[in-house]
S.K.: 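Below are the C-alpha cells for one structure; questions will follow.
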Amino acid sequence: MSPRRRAAALESLTAETLDVLVIGGGVVGGGCALDAASRGLRVGLVEGADVASGTSSRSSKLIHGGLRYLEMLDFALVAEALGERQRLLTDIAPHLVRPVTFLYPLRGKGWERLYVGAGLQLYDGLARWRGGASAHLPRHRHLSRREVGRVAGALKPGTYVGGIRYHDAQVDDARFTLFLARTAAAFGAHVVTRCRADGLVREGGRVVGARLRDLEDGSSVVVRARQVINATGVWADELGRDAPSAPTVKVRASKGTHIVVPRDRIDADGGIIARTPSSVLLVIPWGSDRWLIGTTDTDLPHGEALDAPLPTEAEINYLLDQIGALLTRPLARSDVIASFSGVRPLVSGTAQTSKLSREHVVTVDEPGLVSVRGGKFTTYRLMAKDAVDQAAAALMEATGAVHPSSCTDQIPLVGAEGLATLLLAASRGAFPGHGVSARWIDHLLSRYGSLARDVVRLTTDDRALGEPLQNAAGYLRAEVVYAVTEEGALHLDDVMLRRTRIGVEYPDNGISAATEVAALMAPLLGWDAREVSSEIDRYLRTTGVPA
C-alpha cells in the first residue's frame with residue numbers, strides 16, 4: 001500500500017468494470033473486500049479518508065462475545081461472536097489479537113455470585129461450543145474477597161465482597177483494519193484511500209457504479225461495478241440518499257467516549273468490568289503502561305459531526321466519577337493523558353442506545369446496491385460474508401456465473417504466516433538479521449507479526465531509524481517510514497492516530513512528537529517546509545479534544 005501502489009490502484013478502478021465496488025474502509029469494508037477478492041471477484045475498495053479513520057479506530061479495542069448481550073438473552077449473537085474471537089486468536093490474526101483478563105467485582109452476597117457465575121458459565125460454554133477443536137481461553141474463576149484485594153489492590157475494600165475473573169481478547173483496532181485491507185490488496189483488490197464517493201451512478205433503474213473524487217489532487221472519476229456494497233458504517237444512510245425510495249433499515253448513531261490514564265494510577269493485575277447505571281464500565285490494559293477506560297453509550301448529540309466526534313468534559317467527568325466510585329484513590333482530571341470518541345452504527349430502534357442489539361442487517365436498498373448496517377467489530381467477518389453473499393447471488397442472477405462461497409475463516413491476515421517460527425527465534429535471541437534489542441523485537445512482533453522483519457530491515461539500512469522517537473519513545477523512527485512506504489499513510493494524522501497510537505498515548509495528543517514524525521514523512525511524500533507546517537496544523541485541528 002505504497003503511494004505508487006495507490007496511484008496504480010486508482011487507475012485500475014477505471015480500467016474495467018468491477019464485479020464489486022466496496023465503499024467504506026473500516027473493518028467491515030475491509031472484510032468485504034477480502035471476502036470478495038478471495039472468491040475470485042474483481043474488487044475495488046475506496047475510502048474517503050484513511051483506513052479505519054472512523055469507528056474502526058475508536059472502539060474499546062476488544063474482541064469479545066459481549067457479556068451484557070447474554071443479559072438481553074441474545075444468545076445467538078454472543079455465540080457467534082465467541083466463535084469469531086477464537087478464530088481471530090488462533091488462526092486469522094494471532095499477531096494482532098491477544099488474550100486479556102477481566103475481574104468482575106461482586107458487590108452483593110450469594111445471589112450475585114450465582115447470577116454472574118451462571119452467566120460466565122454459559123459464556124465459557126458457548127465459547128467451547130463455537131470454538132471447535134482449537135485452543136480455548138481459560139475458564140472463569142471465582143475469587144474470595146482476599147484474593148480480589150491481591151489482584152486489584154486499587155479497589156476500595158467496601159465496594160466488593162469477592163469477584164470472578166474471566167478471559168476475553170483485545171486488539172489494536174486501527175492496525176487490525178489496516179492489515180485486513182493489506183490482505184485484501186494481496187488478493188488483488190484495488191485499495192484506494194482519500195477517495196470519496198460523491199454519489200452513485202444509475203442506469204436503467206439500477207446502481208452501476210459510483211462517482212469518486214480523489215481528495216489528494218481533486219480529480220474525479222466514474223467507477224463502474226456490477227454490484228456496489230455500502231459498508232460506510234454510520235454514514236450508510238447518506239450514500240443512497242438520492243435513491244428512489246428510502247431504505248427499510250436505518251442507522252442510529254451511538255456515541256462512545258474513552259479516556260486513557262497511566263498504568264500506575266490503578267493497581268490491578270488485569271482489566272476490570274463493573275456495572276454502571278446505564279451500561280458497563282471497562283478498565284482495559286493498554287500496552288504495558290496505560291489503562292483505557294470506557295465507555296459512554298448515548299445518542300450522538302444533534303449537530304455533532306459523524307466524522308469528528310469529540311469527547312466533552314461532561315463525558316470525561318462521567319467516566320472519572322464511575323471509576324472513582326470503585327477506587328481507594330479516585331482519579332483526577334490531570335491523570336487523563338488523552339480521550340477519544342467513536343460513533344457506533346447501531347440498527348435504528350426506539351430503545352436507548354445501550355439496549356439496542358448489535359446484530360447486523362444486510363439489505364438490497366435498490367438494484368445493484370447492497371448495504372450492511374449495525375453489527376460489532378468482533379463479527380466483522382460474518383457481516384462481510386453476508387454482504388458479499390448477497391452481491392454474489394445478484395451477480396449469479398445477472399450473469400449465470402457461480403462464485404465460490406466465503407473462505408475467510410481460513411485466511412490468515414498478512415503477518416500471521418511464519419509468526420510462530422519468528423516468535424521462537426526471538427525467544428532464543430536469534431531473530432534473523434536484527435540489530436535492535438529484544439525489547440524492540442517483541443514490540444515489532446506484536447504490531448507487525450512476521451512483517452516485523454521488513455521494519456527491522458529498514459534499521460539495518462539506516463541505523464538512525466533504529467532509534468526511538470524523541471517525544472514518543474514507545475515507537476521506532478523506522479515505524480514512521482514503514483507506515484508511508486508500505487502501509488498507505490498519506491498524512492500526519494494517519495501515522496499519529498492510526499499507524500501508531502501516539503495521539504492517544506501521549507499528553508497533548510502527542511503534538512510534541514509531530515514535528516519529528518512529519519520530518520520523517522516529508523522526503524517520502526515530497527513535502528516542502530510549507531506542507532510540513534500545513535500537516536501539523538491539520539493534525540492540531542483533527543485532534544481538537546479537551547485532553
S.K.: Heavy atoms, side chains only, cut-off 4.5 Å: are Lys156 and Leu326 in contact?
M.R.: no
S.K.: Taking Asp442 for the side chain and Arg439 for the main chain, is one N or O donor matched with an acceptor at less than 3.5 Å?
M.R.: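 Between the backbone of Arg439 and the side chain of Asp442 there is no qualifying donor-acceptor contact (under 3.5 Å).
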S.K.: Where do Val97 and Gln170 land on the side chain to side chain contact (heavy atoms under 4.5 Å, CB included) test, with the steps shown first?
M.R.: CA-CA 6 Å; Val97 180; Gln170 68 178 159; over 6 Å; no
S.K.: If you measure only the distance, is there a donor-acceptor pair under 3.5 Å linking the side chains of Asp50 and His491?
M.R.: no
S.K.: Hey, could you give me the CG/CG distance between Leu77 and Leu82, rounded to the nearest 0.5 Å?
M.R.: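 If we round to the nearest 0.5 Å, Leu77:CG and Leu82:CG are 9.0 Å apart.
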S.K.: Evaluate the side-chain proximity of Ser57 to Val51: yes if any heavy-atom separation is below 4.5 Å, no if none is.
M.R.: no
S.K.: I'd like to know whether CZ of Arg139 has more than 12 heavy-atom contacts from other residues, nucleotides or ligands below 6.0 angstrom.
M.R.: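 No, not enclosed.
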S.K.: Looking at Asn230 and Ala236, what are the two nearest heavy atoms and their distance?
M.R.: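 That would be ND2-O, 2.9 Å.
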S.K.: Could you check Arg373 against His360 for side chain to side chain contact (heavy atoms under 4.5 Å, CB included), going step by step and ending with a plain yes or no?
M.R.: CA-CA 6 Å; Arg373 295 175 174 87; His360 66 274; over 6 Å; no
S.K.: Measuring from atom CD1 of Ile259 to atom CD1 of Ile316, what distance do you get when rounded to the nearest 0.5 angstrom?
M.R.: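 Here the rounded value is 7.5 Å.
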S.K.: Which atoms form the tightest heavy-atom contact between His142 and Glu147, and what is the distance?
M.R.: O-OE1, 4.0 Å
S.K.: My understanding is that only one of Leu346, Thr232, Asp237 makes a side chain to side chain contact (heavy atoms under 4.5 Å, CB included) with Val251; could you say which?
M.R.: Asp237
S.K.: Under a 3.5 Å distance rule, please check whether Thr193 uses its side chain to pair with a backbone N or O of Glu47 as donor and acceptor.
M.R.: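 Judged by distance alone, no pair lies under 3.5 Å.
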S.K.: Taking all atoms of both residues into account, what is the closest heavy-atom pair of Leu419 and Pro94, and its distance?
M.R.: CD2-C, 4.0 Å
S.K.: Please check: side-chain N/O of Glu315 versus main-chain N/O of Thr312, any donor-acceptor pairing under 3.5 Å?
M.R.: yes
S.K.: If you measure from CZ on Arg141 to CG on Leu103, what distance do you get to the nearest 0.5 Å?
M.R.: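 Interatomic distance, Arg141 CZ to Leu103 CG, rounded to 0.5 Å: 10.5 Å.
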S.K.: So, Glu80 side chain and Thr379 main chain: donor-acceptor pair closer than 3.5 Å or not?
M.R.: no
S.K.: Is the backbone of Ile511 close enough, under 3.5 Å, to the side chain of Asn509 for a donor and an acceptor to pair up by distance?
M.R.: no
S.K.: Asp124 side chain to His140 main-chain N or O, any donor-acceptor pair under 3.5 Å?
M.R.: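 Such a contact is found between Asp124 side chain and His140 backbone.
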S.K.: Yes or no on side chain to side chain contact (heavy atoms under 4.5 Å, CB included) for Val361 and Met383, after CA distance, side-chain angles and deciding distance?
M.R.: CA-CA 8 Å; Val361 177; Met383 297 166 66; over 6 Å; no
S.K.: Knowing that exactly one of Glu486, Glu487, Glu479 qualifies, which makes a side-chain hydrogen bond (donor to acceptor under 3.5 Å, both in side chains) with Tyr448?
M.R.: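 The residue from Glu486, Glu487, Glu479 that satisfies side-chain hydrogen bond (donor to acceptor under 3.5 Å, both in side chains) with Tyr448 turns out to be Glu479.
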S.K.: Do Tyr104 and Tyr160 have ring centroids that are under 6.0 Å from one another?
M.R.: no
S.K.: Are Asp168 and Tyr123 linked by a side-chain donor-acceptor pair shorter than 3.5 Å?
M.R.: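 A donor-acceptor contact under 3.5 Å links the two side chains.
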S.K.: For a ring-ring contact (aromatic ring centres under 6.0 Å, His included) check, start with the C-alpha distance between Tyr380 and Phe176, then their side-chain angles and the critical distance, and finish with the verdict.
M.R.: CA-CA 11 Å; Tyr380 81 90; Phe176 182 94; 5.4 Å; yes
S.K.: Working to the nearest 0.5 angstrom, can you tell me the gap between Ile63 CD1 and Lys376 NZ?
M.R.: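 Ile63 CD1 to Lys376 NZ: 9.0 Å, rounded to 0.5 Å.
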S.K.: Side-chain contact test, heavy atoms from C-beta onward, threshold under 4.5 Å: evaluate it for His167 versus Val100 and give yes or no.
M.R.: no
S.K.: Has Trp291 got a side-chain atom pairing as donor or acceptor with Ile284's backbone, closer than 3.5 angstrom?
M.R.: no
S.K.: For a quick check under 3.5 Å, do Thr378 and His64 share a side-chain donor-acceptor pair by atom type?
M.R.: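 Thr378 vs His64: no donor-acceptor pair found between side chains.
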S.K.: Please report the shortest heavy-atom distance between Arg58 and Pro309, naming the atom on each side.
M.R.: NH1-CD, 2.9 Å
S.K.: Strictly by modelled atom types, are Asp173 and Ser56 linked by a side-chain donor-acceptor pair under 3.5 Å?
M.R.: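 Their side chains do not contain a donor-acceptor pair, so the 3.5 Å distance test is not met.
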S.K.: Would you please test Glu84 and Arg381 for salt bridge (Lys or Arg N to Asp or Glu O under 4.0 Å) and show each step?
M.R.: CA-CA 8 Å; Glu84 291 304 296; Arg381 193 189 66 80; 2.9 Å; yes
S.K.: What distance do Ile293 atom CD1 and Ser339 atom OG have between them, rounded to the nearest 0.5 Å?
M.R.: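 It comes to 12.0 Å.
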S.K.: Have a look at Ile323 and tell me which of Leu281, Ile272, Val261 forms a side chain to side chain contact (heavy atoms under 4.5 Å, CB included) with it.
M.R.: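 With Ile323 as partner, Leu281, Ile272, Val261 yield a single side chain to side chain contact (heavy atoms under 4.5 Å, CB included), made by Leu281.
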S.K.: Would a distance-only check, ignoring hydrogens and angles, find a side-chain to backbone donor-acceptor pair under 3.5 Å from Ser53 to Ala49?
M.R.: no
S.K.: Evaluate the criterion side chain to side chain contact (heavy atoms under 4.5 Å, CB included) for residue pair Arg263 and Arg290; output intermediate values, then yes/no.
M.R.: CA-CA 4 Å; Arg263 193 67 166 263; Arg290 296 172 185 87; 5.6 Å; no
S.K.: Just checking, any donor-acceptor pair under 3.5 angstrom between side chains of Ser341 and Thr257?
M.R.: yes
S.K.: Would you call Lys61 and Trp286 a side-chain contact if the rule is heavy atoms closer than 4.5 Å?
M.R.: yes
S.K.: Any donor-acceptor pair under 3.5 Å linking the side chain of Asp74 with the backbone of Leu70?
M.R.: no
S.K.: Give the C-alpha distance, both sets of side-chain angles, the deciding distance and a yes or no for side chain to side chain donor-acceptor pair (under 3.5 Å) between Ser450 and His95.
M.R.: CA-CA 8 Å; Ser450 58; His95 52 317; over 6 Å; no
S.K.: So do Val336 and Val260 actually touch side chain to side chain, heavy atoms under 4.5 Å?
M.R.: no
S.K.: So do the side chains of Tyr166 and Leu137 get within less than 4.5 Å of each other, counting heavy atoms only?
M.R.: no
S.K.: Kindly compute the distance separating CG (Leu520) from OG1 (Thr515), expressed to the nearest 0.5 Å.
M.R.: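 Rounded to the nearest 0.5 Å, the CG-OG1 separation comes to 11.0 Å.
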S.K.: Whether Asp91 and Arg87 form a salt bridge (side-chain N of Lys/Arg under 4.0 Å from carboxylate O of Asp/Glu) is what I want to check.
M.R.: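 Looking at Asp91 together with Arg87, the answer is no, because their closest N to O distance does not fall below 4.0 Å.
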S.K.: Quick one, Asp267 and Leu155 - any side-chain contact, counting heavy atoms below 4.5 Å?
M.R.: no
S.K.: Do you know the tightest heavy-atom contact between Arg98 and Leu96?
M.R.: NH1-O, 3.6 Å
S.K.: Would Arg344 and Thr295 count as a side chain to side chain donor-acceptor pair (under 3.5 Å) here? Give the steps.
M.R.: CA-CA 12 Å; Arg344 307 175 188 90; Thr295 173; 3.1 Å; yes
S.K.: Count the heavy atoms belonging to other residues, nucleotides or ligands that lie under 6.0 Å from CD of Glu238, then report whether that count exceeds 12.
M.R.: yes
S.K.: Side chains of Ser254 and Asp297: do they bring a donor and an acceptor to under 3.5 Å?
M.R.: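 Ser254 vs Asp297: donor-acceptor pair found between side chains.
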S.K.: Would you say that Arg498 contacts Arg175 through its side chain, given a criterion of any heavy-atom pair below 4.5 Å between the two side chains?
M.R.: no
S.K.: Tyr69 and Val78: which non-hydrogen atoms are nearest, and at how many Å?
M.R.: CB-CG2, 3.7 Å
S.K.: Would you mind telling me which of Arg499, Glu505, His443 makes a side-chain hydrogen bond (donor to acceptor under 3.5 Å, both in side chains) with Tyr475?
M.R.: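 Of all the options given, the one that passes is Glu505.
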S.K.: If we ignore hydrogens and angles and just use 3.5 Å, is the side chain of Asp335 paired with the main-chain N or O of Leu331 as donor and acceptor?
M.R.: no
